[in-house]
Structure formats: C-alpha cells, structure tokens
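Structure, as structure tokens:
The sequence lines fix the lettering, A, B, ..., with proteins before strands; numbering per chain opens at 1.
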Amino acid sequence: MLPALAVYASHSAIQVVEGAFREGVGVVLFGPSWRLRLYSRFPSLRFHVVECMGGGCLERLGDECVIVPNGSLVEYVGWEALERSRVPLFGLRGLMRWESSWGSKMRLLREAGLNTPRVYENPEEVDTMVIVKLPGAKGGRGYFTSDNPEEIRRRLEGYVEAGLLKSISDAAIQEYVVGVTMYAHYFYSPLLKRLELTGFDVRYESNVDALARAPKRLREVIGQSFTVVGNFPVYPREALLESFIQAGESFVEATRRVIPPGVIGPFCLECIVTEELELVFFEFSGRIVAGTNVYLLGSPYLALYWGEPMTVGRRIAKEIRMASDENRLGDVTT
Amino acid sequence: MLPALAVYASHSAIQVVEGAFREGVGVVLFGPSWRLRLYSRFPSLRFHVVECMGGGCLERLGDECVIVPNGSLVEYVGWEALERSRVPLFGLRGLMRWESSWGSKMRLLREAGLNTPRVYENPEEVDTMVIVKLPGAKGGRGYFTSDNPEEIRRRLEGYVEAGLLKSISDAAIQEYVVGVTMYAHYFYSPLLKRLELTGFDVRYESNVDALARAPKRLREVIGQSFTVVGNFPVYPREALLESFIQAGESFVEATRRVIPPGVIGPFCLECIVTEELELVFFEFSGRIVAGTNVYLLGSPYLALYWGEPMTVGRRIAKEIRMASDENRLGDVTT
Amino acid sequence: MLPALAVYASHSAIQVVEGAFREGVGVVLFGPSWRLRLYSRFPSLRFHVVECMGGGCLERLGDECVIVPNGSLVEYVGWEALERSRVPLFGLRGLMRWESSWGSKMRLLREAGLNTPRVYENPEEVDTMVIVKLPGAKGGRGYFTSDNPEEIRRRLEGYVEAGLLKSISDAAIQEYVVGVTMYAHYFYSPLLKRLELTGFDVRYESNVDALARAPKRLREVIGQSFTVVGNFPVYPREALLESFIQAGESFVEATRRVIPPGVIGPFCLECIVTEELELVFFEFSGRIVAGTNVYLLGSPYLALYWGEPMTVGRRIAKEIRMASDENRLGDVTT
C-alpha cells in the first residue's frame, strides 16, 4: 500500500507537498493551525490536514502515514517523542539521538574521517577565536563568537539561567575556522544503494550578514548573531563536487557502521571551505534542510541522476513510491 | 477589446515583453532610442516601438494602451505627468503621489500597522546611527549613513545646492536598523480578490557591498554608498512566508482605506529582518520592482498559485488578459 | 562530418556534456582518472573517455574531435601545448597567448576602448591600494591586496622563490577600484555574426568573503585571499545590459583587429561596477568560465535569443552542430 507522507507544516513542507503530488503520493500536513494557514493559501498545493500541537501530533497520525522529518518537527515535537513513536519514519530514527548532542554529532563526523574544527570541552580551554553554539535545530539563534573564556562562561551561564540551555556542557565550543561556508545537500537511496548529490546553499544570517555592511561604528559595538533568515543558491567549482561526494559517501558508511542500517534519504553536511580549498565540516543534519528551498524550481544536480530537475521534496516522494511499488517500505523507514 | 501593454523601455521591461507574448497580449515599448536599442537585440522579444522622451511620451501612447508603470517610468517621466495623463494605468494611480514623498510613504506603512524604523524630522534630532535617503526611484543613489547631525545637515545642504534635492525636509532620515535586508514582491489581483506572494530578492549595492570585502584601510576612509547594481535571488525561511503574506495583506487593506480602490497588481515591501526574526519595513514600491528580474525563468512562488512558474511580467499580462475577457478592464486600471 | 567535443574533465564540463547530448553531439571527456570519476557518477551524462595526463592529452585526441577549452585545460595542459597542437579548437587559438600574460591581457582590454584600472609596472610605483595577481587561470589563488611597495616586493619575491612565479614582472599590480564585481558572460557566433549575452555571476571567494563576516579581531589580523570556491547568480539592472553588450561588442571588434579572425564562442569580461554605475574591466577570459555553472538549468538570457533557456555548454554544441550542418566547421575553429 502506498502510504501518505506526514509532514510538519513548516521548514520545507512546500516542496514535499508539491513533489509528492507530482509523484502521485498523498501528504498529510500536521501542526498548529497558525502554521497550517500558509499552505491553504496556495491553490496548487494538495494535502490533508491534521491540526495538532507538539508531541501530541504523533499520536494523531494514522498507521497509513510515513513521517518525513524536517528541522521544525525536530525542534517543536522533539527527537525523544519521535524516537518513541511507532509511526514509520522516512529516515534513520536512531540518528536523531546522535544529532541531538554536540558531542555525538562531532564524533560521527570524525568517525566518517572528515576534517572537523577543534572542539573545546569547556570555556577555560579556549585559546583562540571560537564560535559557541546551542544544541537543537534553532536555526543559529543564540550562537556567538568570542576569544575570551570569561565572556564565554558568563554568556553560557546566562543561557542556563534563562532556560535556553540545560548545562554549559551542552553547548558546542568550536574553533572559528576562517573560510567561506558551504552547505552540501545529499540523498541516500537504500533502494538504489546510491548517494545522490542534490545541491548547495549558503545561509543568510541576521545580524552577521548585516554587520558586514553596516557603518563602521555599529560594526565595532554590536556583537555578531547567526539567526538564519533565508538561503542563497551557490554553485561550487566543479572540481569540488567530487570532494563533496566522497565526504557524503564517508558519512553514509560511518552511519552504517555505528547506527545500522545507516542514513536513509536526505541529509546535509555543513562545512567551511578554506583558501586552500580544504573542507572542514562543522555540523550535519540527518534530514532535509531548509537550504534545499533554493531549488523550488528543481535542483539541476538531481537532473544529473534523473534526467529532469526536481526538488528534494519530490525525490523523497519518489523513493517512497518506488519502495511501495517494490514492497520494500521496510528498507526506507525505521 | 484587448489593450496593448505600454512599457517604458528599461527596468523590468524584458519580462513584461516576454510574458505578454506568452499570454497573447501585445506590448508597446516606449522611451528614447538609446534605451530601445537593447530590446531590438533579442530576437525572441516581440513588441511595437514608440520613440519618445520624458513627459512627452505619454501623449504619444494611443487609447488602445494600458501603461504598466515601472521604476524608470516614474523616475524619467515623473509621477505628476503620470497622474495627469488620461492613458489607463495598470495600477493605483493615486498611490504614486503617496510614494513620491517620504512623509506620506512612511505614513502609509504605519497605516498598515507595519513595524517601521524611527524617523527623524530634521538632522538636529539625530541621536543614533541613521540612513539618509533621497526621494524618488533613483536606485539608492545619494543615500548615506551617519550618526552626526552636523554632517547630515552639511551633506543635505550640498544636495540642495547641487539641485539633487528641493529641500532638506524632502530627504528621509531613518534609524539604521541592524538586520539583513529582504525585498518581498507581491501581486494583488482585483479580479480574483487575491494577494499573491511572487518572490524575494536582496540588492547588490555599490559601494556598500564592495566595502564589506575591501582592504581594511579602504573600509576606514571611504564612505558607504548604496547605488543598486543588481539583485540576488534569496529564499526566506518557510515560516517567514506567512509573516510576509500578512504584511502584504495589511498593506492592501491600508491602501483600500486611504486610496480607494486600493493597490492593483505588483508591489514590493522592503524590510530589515532582525536577529529576532522581526520584520521592520523601511519602504514600499507601488509597482513592479527590478528585483523581480531574478525570476526571469519564472517565480516558483507564482507556481504555487498557477501550477507553473511565471514572471511577474507574465502575471501582469495574465491579469489584463483576464480583465479584457471578462469586460472588467475598469477594475484593474485607474 | 559532425565532430565530437573534446572537453577536459573539470571546470564546466557537466554543462558541455549535458548540452551536447541535447544537441545530438558526442563528447569525449579527457583527463586523469581521478578527475574523470566525478562524471561517471551521473547516469544522465553520456560521454566517451580518454584517460590522460597534462600535455600528453592532446596527442590522445583523435582528428574527429574539436577541443572545447576551459579554465582547467589552460591551467593543467598549458596554452603553449594548446597553441602547438593540431587538434581543431572551438575558439580563437591565438587569444590564449594574449591571455597568458597580464601585459597583453590588459592591452587587449584597452584596445577595445574599455575602462581599465591603473596598472603599476613595478612595486615601487605603488602609491595607493592595489590588488596583486598571479598569471594563469588559478582561480584567484595567491592574489593579495596592499598599499605598501616593500610588502608587495617581498611577497612577490617569495612567490618567485617558491616557484609560483617566474619573474616579478609576470604579476599584475592593479589599482584596487572600489565597487562591486560583476562577471559578464558572452557568446560570439561567427555563423550568425552575432554577439549573445549569456549571463552574469559573482564569485564566492575564500577567505575574502569569510573575513567580511568574521569577528573583528580576526578581520584585523588575517590577510585577504581570493581563492574562488564557487559562484552566485546575479541579475544586473536592466539598464546595464546595454552597457555590457556594447563592451562585449568592442571586445569582439578589438580581437578581430589584432588577432584575426577574432574571438569565437564563449568569453567573459570581468569588471567592477562603481557607485556611479561605471564599468571598470580588470580581466577577461577567452573561453567558457566556471561562472556559467550558475545556469545549470539554462540561462534566461540565452532564451532571449533562442526562445528557450539553455546552458553555455549547450550553446557551444549548437554552434558546432550548425557549423557541421552547413559545412562551415572551419569558421568556428582555429
């Protein structure tokens, strides 16, 4: 039986709804009514609706659904609830736990043999410029840069007091690597046993991208912040594509070893490209990322595998459609 | 009878010519010969030509035309001439007067209930970093930032002497809000009574975007300027789309109240997105903006309403085609 | 007879392979095996393979081939080997020699009557901020900015010692013009005697684009570097398109005068756009540039000539297909 895709109504839901329709797969959009409102504005989108809040959402989804997780689902429903839920998930359920803590997240990148930035266990170790990051998929909110151990401790203690952080050790303190950011999108198909490169984006962040062009006096007094506001399409040098694909393959292999059966469907590796064209990976996302929205008209990279441009949303629907046709849904869900 | 679209030969004329052809609508390109030359270079573009200069252009357009105003038309022909002209205009004619002065422009944004930056009535009030802007659609030329009342008065007096400004009070002195810029494009259809979100862009400005990456010594001695050179496509977080649509709806409602029958066709709301994801609107354009050129292959947002990507130029032609077919041209022109 | 396109396996080869297939033209991808690997990953790409290294590659290509040169070919096989080779080349063979030295490169731009930055013959002449550039198509590697004659000489001597530069006089020392960069792509068709504007990009460079948004302390201690990592799509103001086309036409004319029969196929003019909207050209590339990769889904500018979007890769294949059909291959190869 062909299941419907269950998608939390935010983040990258438009492309999943649109892509599923093209592949003849149904979609259930779920979430609070104020989030659902957006999608009902677009007459070209066809979907069913389940109005719900937080963790309670998962109980409202029928057995005929497959959850397609996105960043908003992880943030607002929570990975623990997702891990406990019995609704089939398109993706590697066990990966969410690894992704939920900075320690295991970076460990998995290193397990894949990827270059990673130096990590500091506590503020007092800091002896260079670092970027400090909160856990979870908060879209960069609360991140800051500093080279001052006392300032780092003071700000993190403030976050703990404000309830934004359970413990100082839950934050990541990473060496600030100088180089441009590049977010590489992938899709691993368990059916085809193939890793597909699906695209790239660069984030548009407030206020850090604003400070770069602010008057001098403001640049000097205002601290940097990293709230993701949107994404830009970017096209890396063709010679880098092979490096990105090899990094993606290493990541797939690492997840197979440590979290069998390994990653399923879309994921993202997030890196700095240095002036020497080295890739330094500082994070990953084990599900569709919002940066894939830059390809709402279809990714030209996916066209290299499928002969026509398509969104990652449509690629997801295609995999589920193929799995259903071949009675292999168990191979693409966990 | 199906009218031809009369378009000033600059700004965003390519997409109007191309889109009108797809919708089976004729186009008259008008303007000086040196502007018309570009369009004759492209064999795929079909249009008629009226060679003319400045305000005299409007008298040369026949009754069978509907003017599709763009930023260059407003700048080179002038809103007063447009207001007096009897040629039907696709858009809200009365909105041009509101747009021509900073006082009424910001008043309309506030009337819509939108967040706006603090405005200073004269240089001496300035007690923080501000951006100072000239009136008209000059593409950012002459804008500057400062936190020094004396410098602001001196530079504005210089503009008055140079004839760039009638009076110091015609300039806008706006609080410099820290956050990234985002230009949201809309189309209001009086026929469908529907607001459509058509896309987003970020401006590429000289020299401010150059100074951000200039050597330190230059950054310190050269003042910022904001001449628009081009536009980048950008894809905001999906959760922001609802906020942008609601802002657009508020703007449509406000124009209905204060300038009946309210806005018609394309417009743009121009904002800062802060690190708290608040939208602060600092300007609007009551007609097609050049930023829509980033979708020369078709906007994916318009596909959400129409089932296929299309440019705003084509969307305009479609509305006029529909109005003509339904004998409702009077509902989309003023 | 319809020749196959011979393309070095890097840079912009994907669009050439894909575009040639659409035009019914065969492709031979050549280069070392580690470069060829990428292309075999994409099932939609059809091509033959010649595994080879460096200058030896040219001898391995059969007579039934036409070389489509790209930046990697020039860098890794060398313009001298290409100049000596008897394999037909789609492009102006003699242009490579002009492009290989900064002196002749800038002379050709001036011969075209284009605005160019002031050039300094040796470090001691430098009296303002300059950008210093190495020869060859190294993608910006080794470039630096300075206003200090001693520092410039010291760094260039270091490059000579390291074997990156034969002589200090082989580097370019150009005035640092303040304004935003814009890379304009063109295609000159000898068959149609027509210059086509094919698009625009902005480069994404490490570390200079990273420093713009780095913490203050890092910005102050780390020097700028300009390694090209990727490209962004950008859409210039419509009024600038005519200026760009006229610049392109002047360049075509100049090459006709000094290197008959003149430029053939794709080229790029690289400029700064100042706050006064003046174009200052600091470089050219006499072949396809990697910035055309931003149009992997097809350039909307090429659609203005051909009625449908297409890549520059496809445009190349189309010209060769037309030349072959008309028995005019000699008019498009040298």
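- At distances below 3.5 Å, not a single donor-acceptor pair connects side-chain atoms of C/E18 with backbone N or O atoms of A/L304.
- At least one donor-acceptor pair under 3.5 Å links the side chain of A/Q224 to the backbone N or O of C/A214.
- Looking at A/A303, only its backbone comes within 4.5 Å of chain C, counting heavy atoms on both sides.
- Within the 3.5 Å criterion, the main-chain N or O of C/W34 finds no donor-acceptor partner in the side chain of A/E242.
- For chain A, the nearby parts of C/R41 are the backbone and the side chain; heavy atoms of each come within less than 4.5 Å.
- Residues A/R194 and C/P43 form a side-chain contact, since some pair of their non-hydrogen atoms from C-beta on lies under 4.5 Å apart.
- At least one donor-acceptor pair under 3.5 Å links the side chain of A/R237 to the backbone N or O of C/V228.
- For A/L241, the parts sitting under 4.5 Å from any heavy atom of chain C are the backbone and the side chain alike.
- For the pair C/Y204 (side chain) and A/T181 (backbone), a donor-acceptor distance under 3.5 Å is present.
- For C/I222, the part lying under 4.5 angstrom from a heavy atom of chain A is the side chain only.
- Residues passing the disulfide bond (SG atoms under 2.5 Å apart) test with A/C271: none are found, sequence neighbours excluded.
- In this structure, no portion of A/S146 lies under 4.5 Å from any heavy atom of chain C.
- There is no contact between A/F200 and chain C, counting heavy-atom distances below 4.5 Å.
- Of the charged side-chain nitrogens involved, at least one lies within less than 4.0 Å of a carboxylate oxygen, so that A/E276 and C/R141 count as a salt-bridged pair.
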